[in-house]
Amino acid sequence: MKDAALKPALALGPAPRAGVLLPFPLPGPYDYKLPSGMEVSRGLLVTAPLGPRESLGVVWGEAEGAVGDNRLRLAVPLEGEPVLPADLCDFVDWVADYTLTPKGLVLAMALRSRQALMAESPRTAYALGPALPAKLTLPRRRIADLMKDGLVRSAASIAEEANVGAGVVRGLIAAGALVPVAMPEFAPVPRPDADFARAVLSLDQEAAARSLKAQIASRRFAVSLLDGVTGSGKTETYFEAVAEALRQNRQVLILLPEIALTVQFLDRFSERFGVRPAEWHSDLSQRERRRIWRAVLRGEARVVVGARSALFLPFAELGLVVVDEEHEQAYKQEEGPIYHARDMAVVRARLAKCPVVLASATPSLESYVNATGGRYAHLKLPRRHNNATMPEVRLVDLTRERGEPGTFLSPPLRDALARTLGAGEQAMLFLNRRGYAPLTLCEACGHKMTCPHCAAWLVEHRYRSRLICHHCGFDTAVPAHCPQCATPSSLIACGPGVERVAEEFALAFPTARVAIASSDTLQGPDETQAAIRAMNKRETDVLIGTQIVAKGHHFPQLTLVGVVDADLGGSDGDLRARERTFQLLHQVSGRAGRADKPGLVLIQTRNPKDAVMQALVMSDRDAFYAQERLMRERAQAPPFGRLAAIILSGVQGDAVREAGRLLARSAPAARGVKVWGPTPAFYALLRGQTRERLLVQAERSVDIQAYLRTWLGRVHLANAVRLSLDIDPVSFF
Ligand code: ADP
Ligand code: ZN
């Protein structure tokens with residue numbers, strides 16, 4: 001990443017005018033008048049007229065234009081004159097410049113809760129009053145008994161908790177037996193207690209924690225890679241850093257790659273700190289969003305656990321940022337402003353002048369190179385907690401060990417499952433494929449069932465008896481006849497998905513309790529959570545899952561992990577495909593044998609000699625990284641070079657392809673820059689849109705943003721074509 005010059009936080013003084021940034025796709029601030037005599041500073045939240053409407057806006061800097069005051073419209077500060085922290089404003093500028101996104105759109109991410117700044121509307125609650133009649137009907141008696149504890153409650157919760165009708169509550173209010181009490185609109189956010197339940201750290205953990213604590217105390221920007229094997233206590237270790245930040249009266253942001261991981265995490269956090277942290281992710285209600293946003297701005301929320309978008313919360317006293325499972329691709333935001341939350345977390349910390357911790361057992365090659373090269377502190381936890389041993393990893397060569405046709409669990413894997421279940425232990429089967437079968441094919445003519453809107457196969461979901469497109473959600477019943485040759489009952493399922501593995505497992509082990517956890521939009525996050533909880537409570541013997549089960553979870557009784565198909569997604573020419581396969585398989589292996597019983601991992605593959613498979617068997621992560629690093633260095637691929645992707649899309653295929661050619665022709669020649677394409681994207685048709693891609697490859701020293709600005713500034717594309725830019729792309733679809 002390139003360092004951009006930072007603007008100092010502006011104190012504009014008693015300025016009658018200022019540049020105000022509005023949360024819309026606008027390239028920069030607009031000039032407005034402000035009430036005269038006001039002290040105006042950067043970050044001040046205002047309402048500003050925009051056309052016929054009023055919009056929320058933020059004072060961004062000095063006014064630009066020479067337009068007379070009488071032509072400017074008036075922006076009015078919000079009540080209480082709230083101000084966005086200056087480093088958040090700087091962050092918005094930085095992200096916009098780096099990702100080439102209009103500033104207003106990035107600001108919109110920081111103002112995700114539009115109503116957050118509206119005045120609070122107090123609620124009315126009720127307490128037991130003095131005028132309680134001596135003789136009470138039974139329902140009234142129940143209310144009186146309930147309210148004797150002295151707590152105040154809303155009318156609705158009194159009715160619910162006392163199990164009486166709303167009319168009974170109204171009657172007691174009218175009689176003066178229940179008296180109204182004004183309550184703030186939002187329940188306060190509880191404060192975590194740094195010393196609630198401190199862990200006794202191992203020597204390695206202690207050393208890492210000490211280093212982090214020193215960074216927090218010195219209040220300087222520093223990046224650490226917390227590089228610890230699975231089960232080594234990375235969470236426990238950075239919790240000590242969190243505790244230190246709390247003691248120093250600083251706020252903490254912890255990023256997790258997926259909401260699905262948060263439930264276990266919240267419980268763990270509250271065991272350590274006494275209360276749950278504030279949460280921030282896309283599943284929050286508007287009200288909750290409003291509550292947390294203002295609590296963060298006012299410094300009442302001390303620790304926030306969230307997904308990518310939590311980076312844009314208005315922390316006033318940020319003292320520590322943690323990015324857990326930092327290698328996760330889920331940190332890349334692929335829609336709207338395209339950005340990598342791990343990289344932006346580092347920027348956020350730099351602007352806030354605080355330390356940031358990147359934690360992983362399988363770091364991204366980028367972070368690994370930075371840590372081994374000395375740019376980041378490299379904090380290592382080489383051993384599992386409590387002397388738990390690392391699991392033994394064995395390969396099952398599928399070219400030799402074949403079961404019956406149409407089955408996917410090889411004899412060695414079945415034997416291992418039988419032994420594990422016999423010993424009363426738990427197992428996990430991992431397959432990164434949702435549904436029943438990835439492909440449905442006509443036996444008679446070979447016709448493949450594909451999505452009408454996407455260049456992709458339809459995936460059979462047998463529980464719902466549907467064929468579904470995983471890209472656009474299109475779904476259809478499995479037809480009785482082949483749509484091409486009309487042969488009846490000719491469609492067959494090809495290849496396994498988790499549902500099919502579950503079916504095969506249940507046939508082989510009819511008494512075992514089995515659950516599926518899949519990152520499926522069809523199977524909601526609640527069901528996934530339920531499957532994970534059941535596994536924790538040992539109500540499940542075997543968990544069959546997609547990548548959702550690979551990460552972060554700690555199941556003490558899990559001793560066997562079976563990888564059903566390790567060759568999936570290994571060789572699609574994507575520069576990170578090998579790294580990702582390694583990370584995923586290593587992570588999933590790391591679920592085995594985390595407590596006192598040793599773990600076994602069986603990996604089914606058709607390529608047992610492949611370097612990724614060998615690194616897994618030999619448990620030689622660093623050898624794999626060394627090789628990967630060399631390959632990237634030779635190819636001048638990231639982090640040794642820069643990449644940016646240009647994606648063109650639109651419903652008119654010809655217009656999109658023409659735009660691609662036009663762009664390629666107008667690419668300026670520049671030293672150290674190569675432009676590839678246009679080529680049809682991997683999914684050349686997605687949700688009805690034709691897609692073409694160009695890739696810019698540049699040497700590290702090149703300012704790739706400046707190059708793109710110059711280039712794209714010269715070209716006018718047809719309106720029917722949408723252009724999106726992906727700086728540092730991680731997916732090449
Ligand atoms: P990682 O995140 O590195 O995979 P965790 O932090 O999940 O590892 O730790 C694995 C398990 O070991 C967890 O159950 C955790 O509570 C426990 N553990 C790790 N370190 C300690 C410690 N110092 N004291 C008590 N329990 C610990
Ligand atoms: Zn589709």
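First listed ligand is number 1; within each ligand, the first listed atom is number 1.
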Does some non-hydrogen atom of [X] fall short of 4.0 Å from ligand 1?
{"X": "Val229", "answer": "yes"}
{"X": "Arg384", "answer": "no"}
{"X": "Ser232", "answer": "yes"}

Heavy-atom proximity to atom 11 (C) of ligand 1 ranks first, among Arg198, Arg591, His554, His385, for His554
Any nitrogen or oxygen of [X] lying under 3.5 Å from a nitrogen or oxygen in ligand 1? Just yes or no.
{"X": "Thr230", "result": "no"}
{"X": "Gly233", "result": "yes"}
{"X": "Glu236", "result": "yes"}

Pairs satisfying ring pair (Phe, Tyr, Trp, His ring centres under 6.0 Å), at least one member in residues 223-245, at least two apart: Phe239-Phe265, Phe239-Phe269, Phe239-Phe273
Is the closest side-chain heavy-atom distance between Glu366 and Glu326 below 4.5 Å? no
Below 2.8 Å, which protein N, O or S atoms neighbour the Zn ion (ligand 2), ignoring water? Cys451 SG, Cys454 SG, Cys469 SG, Cys472 SG
Arg308 meets the salt bridge (Lys or Arg N to Asp or Glu O under 4.0 Å) criterion, sequence neighbours left out, with none
Going by an N to O cut-off under 4.0 Å, is there a salt bridge joining Arg464 and Asp475? yes
Step through it carefully: locate the ring centre of Tyr683, locate the ring centre of His471, and say whether they are under 6.0 Å apart. yes
For Val229, check side chain to side chain contact (heavy atoms under 4.5 Å, CB included) against everything at least two apart and list the hits. Ser232, Arg384, Met390
